[in-house]
Structures are given as structure tokens and as C-alpha cells.
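One-based numbering, in listed order, for ligands and for the atoms of each.
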Amino acid sequence: MNEQIQGNQINASGHLTIGGCDAVALADEYGTPVLVYDTAKIRHQIQAFQEVFEENEVDYAVCYASKAFANTAMYQLVNQMNGHVDVVSAGEIQMALHAGFPAKKMTFHGNNKSEEELRLALKVGIGLIALDNFHEIALLHRLLEETGGRANVILRITPGISAHTHEYIQTGQVDSKFGFDLASGQADEALQRVLQEPRMTMLGIHAHIGSQIFELAGFEGASEKLVDLAARWARDYGYQTKILNVGGGFGIRYVSADRPLAPQDFVNLIIQTVKQRTRSLNIPTPAIWIEPGRSIVGPAGYSLYTVGARKDVQGIRSYLAVDGGMGDNIRPALYDAKYEAVLANNPLAPVMETVRVAGKYCESGDVLIQEQALPQTKPGDILAILNTGAYGYSMASNYNLNVKPAVVFVENGRSTLVTRRERIDDLERLDFNLDGSSRA
Ligand SMILES: Cc1ncc(COP(=O)(O)O)c(C=O)c1O
């Protein structure tokens, strides 16, 4: 059996269970593809992060990076757990508000926030705006003058750290579209500008070095750089940093061979580094904020698919096609992300072959798993891909005019539909006739 599955996840029928629910019954009830979240795992991870801070007695915020997966129920769950959220668009802001999430606990990120989005953020009283570039400082200045409002801001800086991860998900290196560069003096110039803004309250410094990072060194280096910067800004500009936001990026286990540290261990190291460095530089320890996305929702997600066609290429390989693919999980095609799958209707059956798990989309690159050892399968079997909770549904598309799957939360043997499967009429509703007239 796949070592990522616990013994107690197999029920009397020999099926995989998720959060105490039979995966085959879930596939039956909600149809496939369906994304199922074991919400107890989400709660435990948020709590584990909060506990490290509590044990270390530092001021903190655990801001869930909602780009990893966002819907109404998810924002409500984070709110129940007293978390903050990181939002990056009007859509995420509106959805969080719709879920009853307090605007004060939102941090607004992004490298090209539009005027409309910034207006919305100001109107709803967003807690913190992470300024990313000079264009945004000027835009926010104009909007604050016009509205007579105020905003709490932090500056996102690129610390010049290349985290050891896929090139597309590195963000802290100098050659990046995000943030104010430290080495060239951009970050200092940004600070000086913001300090002159009577309507902006400068609360601190932010850096996010990348995603799916396994090594401690990047976080240690970034934390040291941020503290050094805070100390220098205190000395040179008399500015006292109140919040040090170190971003997210804590790596998770996707395949059995992955051996990441527990996400909270990364955070413990960050806290120790910040505490020691601030002590030695003789500045107060600021509040430490983190923005984990993947580590909160990734391991909690299971994608259930129905097995369909099979193609055996003599002497080369067999393709097993499922009823989803790059439209509901683009990560393998986008950055060669690896996953593992189990046969949900018989996870204990002996492995018989290695197949390539392909999707149903019209791209040769629509492959979910390059090589997966599986028992003998037949059409109608249910395949569960593990650890699909982050950046799958949130990056889903309607490619080939396929609809996006349903999302179901499960806990203690109960399942709740939290996002319904799209229907074709959802897509049709957006369209007009060739002459521009409505079809409705
Ligand atoms: C600013 C910022 N914070 C947090 C995150 C979350 O990263 P992860 O999901 O790897 O924890 C991202 C991801 O891209 C980000 O850009």
C-alpha cells in the first residue's frame, strides 16, 4: 500500500476513506472529478503554526495565502481558526468578505494591483497593503488623497535569495518581478517615500522567497537579511519595523520519496533566527508574520477521478486516462510537479504494473503522473491522487470547455459540498450571439 495512506484510511469494504468518508461513495454522490478536503488536516496545520509562535512567546499572525485554494467555506474555516489571510485580487477580497472574513485581517498582495482593486481595498478597510513597486506607491498616494482615507502598508522586498525550488516558483531572487530590490537601493528609496506619506502607516517589511522549499538555509538567510534591514532602517531613518513578514513556501510531501521537515519546524527556525539576530543587533523583536498556503491545504486535498480509456503502446508504456486532467490540476504540465495515486476502490490490491496517468484534455502534455505503480484497473475504477489541495483548483481552467469540478469538505465521516461542479450553462451564461445579442 502507498506509504502516504494510513492503515485506518481503509474501511471494511476495502475502500480508501478521507476524513472518515468512503472515497468511492463520495465519487458516487458528487461525481468525478471531485476535489475532497480533509478539513481536520487543515485545522491541525493552522494550529501547529500558531502553537510554535505561542510557545516562543512572540507576536505573530498566521496569514493563509488564499491563492493556494479559495472558496467561501475555506475563508470561513480560516476565520474560525483565528487566522489572517493573504489576498491578491478583487475576487479574493470579495469572496473573503462574502464569507464574513474581517477585512482587518487581510493583507493585500500582488505585483500589479489595479486602481479598482486598491479602491476596493480602501473602501472595505483592508488591514494591510503590501506595496510591491513605485507605481503602486504613487497610485495609493493618489487614491488616499482623493478619498481622504488612511492605509497600513508594508514593503515587499526581494532579498536576493535564490530558494532551491522550481524556477517558476522562486520569487526572492534579484531577477524577479516581485518587490523592491534590496541591493540596488530601491527598497531604501521606497521606505523614504512611504515615510513621507502622511496617509500611509508603514508597518514593516515583507519577503517571500519561493514555494515548495525543503531547505532551511533559504529561510534562515532571508530572516537574517530582513532583520539586518530592519536594524539599518532604524539606524539610518529612525524607522522601527513592527512587522516582519517572512512569507510562505514551506515544502510539503507530494511523493513518498519526499522527506520535508514539518512546516512548523521551518517556522521555529525563522523565529529563533529573528530573535537571536534582533537581540544581537539590539533592536526590538518585531511581530513575525507568515503566509503559508501550500502547507495548509496541499496535504489535505484528494482528487478523485474515474478511470476511462486505456492505451497500450507495445514495448513502451500504457496510458491510463481519467476524466479530469490539466483543467483541474495544471501543476504537472506547468512545472513538472509530481504526485502519487492510489486505487480508491481497492488501495490494498497488489501492484501489477506501472502506467502513465493521462488526463482527457487535448494536449499531449496533459499527464497527471508520469509513472504510477497500480493494481490492475478497469474503466469505472476510482483513482485518488494525493496531496492535490494547493494550486490545483485555484489554477483550474475551462480548457476544452470542460467544467470545473465540485469541491467537498469532509470531517468526522460527514461530507459537505462547498463548491458545486460547474455546469455547461454556467459557461454559456457568459456568452453572446455572433451579432452581440443575448441568448437568454
Ligand atoms: C507573497 C506570497 N505569500 C505566500 C505565498 C504562499 O506560498 P506557499 O503556498 O508556497 O506557502 C505566496 C505564493 O506564491 C506568495 O506569493
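Taking a cut-off of under 4.0 Å to the non-hydrogen atoms of His206, the atoms of ligand 1 that pass are 1 (C). With ligand atoms numbered from 1 in the order given, ligand 1 contributes 1 (C), 2 (C), 3 (N), 4 (C), 5 (C), 6 (C), 11 (O) to contacts under 4.0 Å with heavy atoms of Glu291. Ligand 1 places these atoms under 4.0 Å from at least one heavy atom of Pro292: 11 (O). Near Gly248, the atoms of ligand 1 lying under 4.0 angstrom from a non-hydrogen atom of the residue are 4 (C), 11 (O). Of all the atoms in ligand 1, the ones that sit under 4.0 Å from a non-hydrogen atom of Asp86 are 2 (C), 3 (N), 4 (C). The distance from ligand 1 to the heavy atoms of Ser211 drops below 4.0 Å at these ligand atoms: 7 (O), 8 (P), 9 (O), 10 (O).
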Next item on the list: Would you check, one step at a time, whether the test side-chain contact (heavy atoms from CB on, under 4.5 Å) holds for Leu334 with Tyr391?
Entry: CA-CA 11 Å; Leu334 186 63; Tyr391 305 103; over 6 Å; no
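With Glu189 as the fixed residue, the side chain to side chain donor-acceptor pair (under 3.5 Å) test singles out one of Arg193, Gln192, Gln186: Arg193.
Proximity of His208 to ligand 1, defined as any heavy-atom pair under 4.0 Å, is confined to the side chain (atoms from C-beta onward). Under 4.0 angstrom from ligand 1, the non-hydrogen atoms of Ala65 all belong to its side chain.
Counting heavy atoms from C-beta outward, Tyr64 and Phe69 have side chains that approach closer than 4.5 Å. With contacts defined as side-chain heavy-atom distances shorter than 4.5 Å, the pair Glu146/Arg119 qualifies. Side chains of Leu26 and Tyr302 form no contact here, defined as non-hydrogen atoms less than 4.5 Å apart.
Distances between N or O atoms of Arg294 and those of ligand 1 include at least one value under 3.5 Å. Considering backbone and side-chain N/O atoms, Gly293 comes within less than 3.5 Å of an N/O atom of ligand 1.
Residue contacts with ligand 1: Gly249 is included, with a non-hydrogen atom under 4.0 Å away. For Tyr391, the closest heavy-atom approach to ligand 1 falls below 4.0 Å. Ligand 1 lies out of reach of Ala68, whose nearest heavy atom is not under 4.0 Å from it.
The aromatic rings of Phe266 and Phe250 sit parallel, their planes meeting at an angle under 30°, below the 60° perpendicular limit. Using the six-membered ring where Trp is involved, Tyr237 and Trp233 have ring planes that are perpendicular, over 60° apart on the 30 and 60° scheme.
Between His109 and His208, the distance from one ring center to the other does not fall under 6.0 angstrom.
Salt bridge present: Glu3 and Arg259 bring a charged side-chain N and a carboxylate O closer than 4.0 Å.
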